Amino acid sequence: MKKHLLISTRNKDKRREISKALGENVELHHPEEFFDEDVEETGVTLYENALLKARAGFEESGLPSLADDTGLEVDALDGRPGVYSSRYAGEDATYEDNVNKLLEELNGVNDGNRTARFRTVMVYIDKEQTVRFDGVLEGRILTVKRGENGFGYDPVFLPENSDLTLAEIDVVDKNKISHRGLALQKFAHWYSSQG
Ligand code: IMP
């Protein structure tokens, strides 16, 4: 019998990646089955925000819940946008607004100084435990967008040791190397050992 797990995010792009990684073995649920309001990301770290989302999911649904918070850390910007990646160009910013702002901020910065990383923190909560899983992907920010897949900053992110941006590979290949994919691999390994 499949185990039931709430994926505590309303972001359809994250869900697609998470369900590709876990969906075969686990019955996945989503917040709108149980509650309407958005969880406010008031934390100042990825862990705090992931914890807020996982806790809200668990409290509202009664199901074991998994949440993801992800940030892009750009070295030339002292680690920004980081935990504020979704609101980089303002409260209602689109993915495109955020990417354009990032390219503007990095205008004139040479190739060697465009290093960056995606960092994902996942938190799992059930009635007995709270467990954290991390994933990091190193790379650099290009000067122009490339590719139509993925989401967010994927079109300008070139992973280390890759000729293709995250938007030029498909979801299965992205999950093999990405921040979220690595956190999910750790989670899946741990989860399969739980009763
Ligand atoms: P949050 O984790 O919901 O706070 O989202 C952070 C923001 O980072 C998203 O709105 C996207 O713009 C971006 N983001 C998160 N994950 C990825 C990814 O895998 N690729 C590219 N951008 C991402």
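Counting convention: from 1, in listed order, for ligands and their atoms alike. None of the values given here were measured: they were computed from a predicted structure.
V123 is not connected to W190 by any chain of hydrophobic side-chain contacts under 4.5 Å among Ile, Leu, Val, Met, Phe, Trp and Tyr, and they are in different clusters.
For the residue pair N110 / N113, a side-chain donor-acceptor distance below 3.5 Å is found, with atom types taken as modelled.
Sorted by chain and number, the residues within 4.0 Å of ligand 1 by heavy atom are K14, E41, K53, D68, D69, T70, S85, S86, Y95, F118, F151, G152, Y153, D154, K174, H179, R180.
A salt bridge is absent between R15 and D13: the closest approach of a Lys/Arg side-chain nitrogen to an acidic carboxylate oxygen does not fall below 4.0 angstrom. Salt-bridge check for D75 with R117: passed, with a basic side-chain N closer than 4.0 Å to an acidic carboxylate O. A salt bridge links D69 and K53; the closest N-O separation between the charged side-chain nitrogens and carboxylate oxygens is under 4.0 Å.
L166 shares a hydrophobic cluster with L72, V74, L77, Y88, V99, L102, L103, L106, V109, F118, L137, I141, Y153, V156, F157, L164, I169, I177; the chain of contacts runs through ILVMFWY side chains whose heavy atoms sit under 4.5 Å apart.
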